[in-house]
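Beneath this line is the structure, given in C-alpha cells, with notes to follow.
If you're wondering where the values come from, they're calculated on a predicted model, not measured in any experiment. Within every chain, numbering begins at 1; the chains are lettered A, B, ... in the order of the sequence lines, protein sequences first and strands thereafter.
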Protein chains: 2
Amino acid sequence: MSGYVRNLAQAARAAQAAIAAADASTRHALLEGMADRLLAGQDAILEANAGDLERARQGGAGKATLDRLALNPERVRGMAEALREVAAQADPLGEVSRSDVRPNGIRIERQRIPLGLVAMIYEARPNVTAEAAALCLKAGNAVLLRGGSEAAASNAAIAACLHAALRDAGLPEAAVSLVADTAREHVLELLQLTDLIDLAIPRGGESLIRFVAEHARVPVIKHYKGVCHLYVDRAADVDLALGLLVDGKASRPGVCNALETLLVHRDVADAFLPRALAALKARGVEVRGDAGVRAFDAALAPATEDDYAAEFLDLVIAAKLVAGLPEALAHIARFGSDHTEVIATADPAAADAFVRAVRSSAVMVNASSRFNDGGQLGLGAEIGISTTRLHAYGPMGVEALTIERFVVRGEGQVRHPESRAG
Amino acid sequence: MSGYVRNLAQAARAAQAAIAAADASTRHALLEGMADRLLAGQDAILEANAGDLERARQGGAGKATLDRLALNPERVRGMAEALREVAAQADPLGEVSRSDVRPNGIRIERQRIPLGLVAMIYEARPNVTAEAAALCLKAGNAVLLRGGSEAAASNAAIAACLHAALRDAGLPEAAVSLVADTAREHVLELLQLTDLIDLAIPRGGESLIRFVAEHARVPVIKHYKGVCHLYVDRAADVDLALGLLVDGKASRPGVCNALETLLVHRDVADAFLPRALAALKARGVEVRGDAGVRAFDAALAPATEDDYAAEFLDLVIAAKLVAGLPEALAHIARFGSDHTEVIATADPAAADAFVRAVRSSAVMVNASSRFNDGGQLGLGAEIGISTTRLHAYGPMGVEALTIERFVVRGEGQVRHPESRAG
C-alpha cells in the first residue's frame with residue numbers, strides 16, 4: 001500500500017467536521033456556489049473534456065462510453081441545475097424524527113447525523129463528480145471521488161470548480177477529494193480503510209461493482225444491474241400498457257431502469273401482443289420470445305434463459321406469455337434483480353397482490369419503470385440506485401447519506417436508584 | 001463447503017415469504033404464542049441448560065461465560081416477557097412513511113418491507129436465541145441462528161419451543177432455523193451466502209465480530225465494543241454526576257453500555273473527585289488515573305493509553321482531568337468507540353456543544369450510559385447495538401430489521417410523452 005489514498009482519506013475525514021458543523025444556510029449557499037462555479041468554469045471543463053474524448057477515441061472506446069463521457073454546454077448546465085435541486089432539498093441534519101418521554105422522565109430523540117466520509121467509485125461519467133459531491137456535502141459528509149480514468153481531465157476540471165466554491169464558503173477543499181491517480185491498486189487500498197471510510201458506493205458496470213464487493217472491507221451499498229419487468233395483466237388497459245412498454249424499452253435503452261423483459265397474461269395476448277410487437281419493431285427493438293410470443297411472429301428469435309437474466313442495455317427485449325400473476329411473480333423472483341418491476345392492470349386486487357409479492361426497490365402500478373430515478377421520485381438527484389436491501393433501497397438522495405442516532409436528555413436518571421446515593 | 005448451512009438458509013429463505021405474507025395480528029399472535037411455549041417448556045429448557053453448564057464447567061469456562069450461559073425460572077420468564085414486549089410493538093410492515101403526488105400525477109409512497117433473511121451469529125447467551133427470533137419474525141424476516149457451542153443444548157430446547165409456536169400459528173418452522181452444528185467452517189460458509197442472506201449480525205466479543213467482518217461477503221452490521229465516557233463538566237451538579245458515575249460503572253460492569261473512562265473538568269475536580277473516588281472505592285472499583293487524578297489519591301495506578309482504549313467490562317475505570325470541553329471531545333474522538341458518551345452539566349450551551357461534536361450512537365445529557373439499551377429506549381428489545389454508521393446506529397429494534405422501498409401508482413404516466421402513441 002502506497003498510502004496515497006490513506007493520506008487523501010485522512011485529509012477528507014478531517015475536513016468533514018467543518019462540513020458537519022456548517023449550518024443549513026451555509027451548506028445551501030455552498031451548493032449554489034458550486035453551481036455558479038461550474039457555469040463560470042464551463043470553458044475549462046469542456047476543454048479538458050475534449051482532451052479526454054480524444055484520448056478515449058484513440059484508445060478505441062465504444063460509442064456508449066464516449067456518450068457517457070462527452071460534455072457540452074447543455075450538459076454542464078444540467079450539472080449546475082442538478083446541484084441547485086440538491087441545494088433546494090430540505091436540510092436533513094439535526095432533524096428530530098421522534099421525541100418522546102419515557103416513564104422515568106428521560107426524553108429520547110432520534111437525530112440525523114452525517115455518515116462521515118463517503119467514497120464514490122464510478123466510471124467515465126463526469127456529471128457524477130459534481131452530483132455525488134453535492135449530495136454528500138448537503139448531508140454533512142466529506143467525499144472521496146474515484147472516477148474512471150477516461151474522465152480524469154474532466155473530473156479534475158470539475159473538482160477545481162467545486163474547490164473554488166468551498167474556498168468561497170470558507171470551507172476546506174479536502175471535503176471533496178479526487179483520487180486523481182486512477183491506478184487500480186489505489187482502489188484496493190481505499191476499500192481497506194475501515195478506520196476512515198464509512199461507506200463506499202460503487203456505481204457503474206457489473207464488473208466494477210463485483211470488484212468492489214469482493215475486495216471491500218469498508219461497508220458497501222451495491223448498485224447492481226436492472227433487469228426490469230413489465231407484467232401486462234389480463235385486466236390491463238392495452239393502450240396504457242403499450243405506452244409503458246415503449247417508454248420503458250425504447251425511450252432510453254442504455255439505462256438501468258429500462259425494461260428488459262415483457263410478461264404478458266395469455267388472456268390479453270391477442271389484444272396486446274400484435275400491437276406491442278409492431279410498436280417495438282417500429283422503434284428498432286429486437287424481440288426474443290418464448291413459444292407463445294413467437295406464435296404471433298414466427299420471425300422472432302427464441303428467448304433463452306440467458307435472455308431472461310440479461311440486462312441488455314440495448315434495443316432488445318425478452319418476451320413471454322404467462323398463465324397468470326403467479327407465473328409472472330415466479331419469473332420475476334427467479335430472474336429479477338430487485339431493481340424495478342411494473343404491472344399494467346385496471347384490477348386493484350391484482351395491483352395489490354403484485355406490490356405485496358414483488359420485493360424490488362421500486363414497484364410501479366400503471367407507471368413507467370423509467371420513473372425509478374432520484375429526480376423523478378422527488379429526491380432532487382441521486383448518488384445511485386441501491387439494490388442492497390440495507391440502509392437504502394432504490395434511489396439514494398440526501399437523506400440516504402445520513403443516519404439516525406439517539407440523544408437522551410435527563411435530570412440525572414439512573415438504571416439503579418441506589419446508584420444515586422453516590 | 002459442505003452445503004450444510006446453504007440448505008438451512010434456502011429453507012429459511014423459502015419460509016420467509018409466509019412470514020412476510022402473514023398479517024400483523026398473525027405475527028402478533030405468533031410472538032405471544034412463542035412466549036407461552038417458552039414458559040410451558042421451561043423444565044426442558046432448564047434441564048438442557050444444566051447440561052450445557054456442566055459441560056462448560058468441565059471445559060473450564062470462566063465466571064462471566066457461566067453467568068451469561070446460566071438460565072433459571074426468572075430468566076426464562078424474562079425471555080417470555082421480552083417476547084411479549086416485542087409483540088406489543090407497532091407493526092412496521094406496510095407502513096407508508098411518505099406519500100406525495102408529483103406534478104405529473106404519479107403518487108409516490110415509501111413502504112416498509114422486511115429485509116428477508118437475517119443471520120444472527122452470537123455467543124453463549126441463550127436469551128438471544130428467543131429475542132432475535134422474535135424481532136426478526138415481527139419484522140417479517142426469517143432468521144438463521146448460530147449461537148455459541150457452549151449453549152447448544154439450551155438453544156435447541158428454546159428453538160423447539162419457538163418451532164411449536166410457529167406450528168400452532170400454521171407458519172413454517174424453517175422461518176427460525178438453528179445452525180445446530182456449531183463447527184466454525186459452517187460460519188465461514190454462512191458468511192459467503194450472498195444470494196440467500198440479506199444481513200449478518202455478529203453479537204459478542206471483539207474477536208467474534210472481527211472474524212465475521214473479515215470473512216463476510218454478505219452485508220454485516222457490526223456491534224463493536226463500548227468504550228463509554230462520562231464527561232463531568234465545570235457546570236455539573238456534583239450529586240447528579242456521582243449518580244451517573246456509580247450507575248454507569250458499578251451497576252453492571254460487564255455490559256457494553258457501562259462506563260470505562262471518566263473525564264473531569266479541572267474546575268470541578270476539588271468538589272467532585274474526592275467524593276467520586278470514595279464512591280468508586282466503596283464499590284470495589286479500581287481507578288487508574290492521570291497525574292491530575294492521582295494528585296487526589298497517590299495510591300492510584302497510573303492510566304496508560306491502553307487503559308484509555310480498553311473496554312474493561314470489569315470493576316475498573318480510567319480517569320483523567322481535562323482543561324475543558326475541547327480536550328474532553330478530543331479524548332473521546334481519539335479513544336471512543338462510537339457507542340455511548342455522557343455529559344453531566346447544568347449548562348445548556350455545553351450540553352449542545354457536546355451533542356453536536358460527539359458522533360456516537362447514543363449521547364446522554366445528564367442521564368446514565370446504561371440507558372443505551374433497546375428496552376430502555378422504548379424499542380421493546382434489541383437485536384444488538386450497532387456501532388456501524390449505516391442502516392442502523394445504536395440499539396436495533398423491529399424497525400431496524402426492515403427497509404423502505406418505493407411504490408409508484410399512476411394512470412399510465414411515461415417519461416417521454418411520445419411513447420404514448422404506442
Between CZ on residue B:Arg356 and CG on residue A:Leu93, distance to nearest 0.5 Å: 12.5 Å

Selection from B:Ser360, B:Ala278, B:Gly394, B:Ala241 maximising heavy-atom pairs under 4.5 Å formed with chain A: B:Ser360

Interface moiety of B:Asp100 toward chain A, non-hydrogen atoms closer than 4.5 Å: neither

Distance in Å, B:Gln376 CD paired with A:Arg415 CZ, rounded so as to fall on 0.5 Å steps: 4.0 Å

Whether A:Arg217 side chain and B:Glu214 backbone form a donor-acceptor pair below 3.5 Å: yes

Non-hydrogen side-chain atoms of A:Arg370 and B:Val414 separated by less than 4.5 Å: no

Audit row: A:Val407, B:Met364, side-chain contact (heavy atoms from CB on, under 4.5 Å) steps and yes/no: CA-CA 6 Å; A:Val407 177; B:Met364 312 292 190; over 6 Å; no

Part of B:Asp237 lying under 4.5 Å from any heavy atom of chain A: neither

Close approach to chain B in residues 385-392 of chain A, criterion heavy atom under 4.5 Å: A:Thr388, A:Arg389, A:Leu390, A:His391, A:Ala392

Atom pair CZ (B:Arg405) and CG (A:Asn372), whose distance is rounded to the nearest 0.5 Å: 11.0 Å

Pairs meeting criterion salt bridge (Lys or Arg N to Asp or Glu O under 4.0 Å) with involvement of residues 107-118 of chain A, two or more places apart: A:Glu95-A:Arg112, A:Glu109-A:Arg409, A:Arg110-A:Glu404, A:Arg112-A:Glu399

Part of B:Pro395 lying under 4.5 Å from any heavy atom of chain A: both

Results of salt bridge (Lys or Arg N to Asp or Glu O under 4.0 Å) for A:Arg210 - residues two or more places apart only: A:Glu206

Chain A interface, residue from B:Gln111, B:Arg102, B:Arg252, B:Lys222 that has the most non-hydrogen pairs under 4.5 Å: B:Arg102

Segment of B:Leu377 engaging chain A (4.5 angstrom heavy-atom cut-off): both

Closest heavy-atom pair and its distance - A:Leu244, B:Gln413: CD2-O, 3.6 Å

Distance (rounded to the nearest 0.5 Å) between A:Ile106 CD1 and B:Phe371 CZ: 4.5 Å

Distance, nearest 0.5 Å, that separates CG of A:Leu240 from CD of B:Glu411: 8.5 Å

Shortest non-hydrogen separation from B:Asp247 to A:Ser419 and the atoms involved: OD1-OG, 2.9 Å

Heavy-atom check, side chain of A:Ser361 versus side chain of B:Phe406, under 4.5 Å: no

Heavy-atom contacts under 4.5 Å, residues 333-345 of chain B to chain A: none

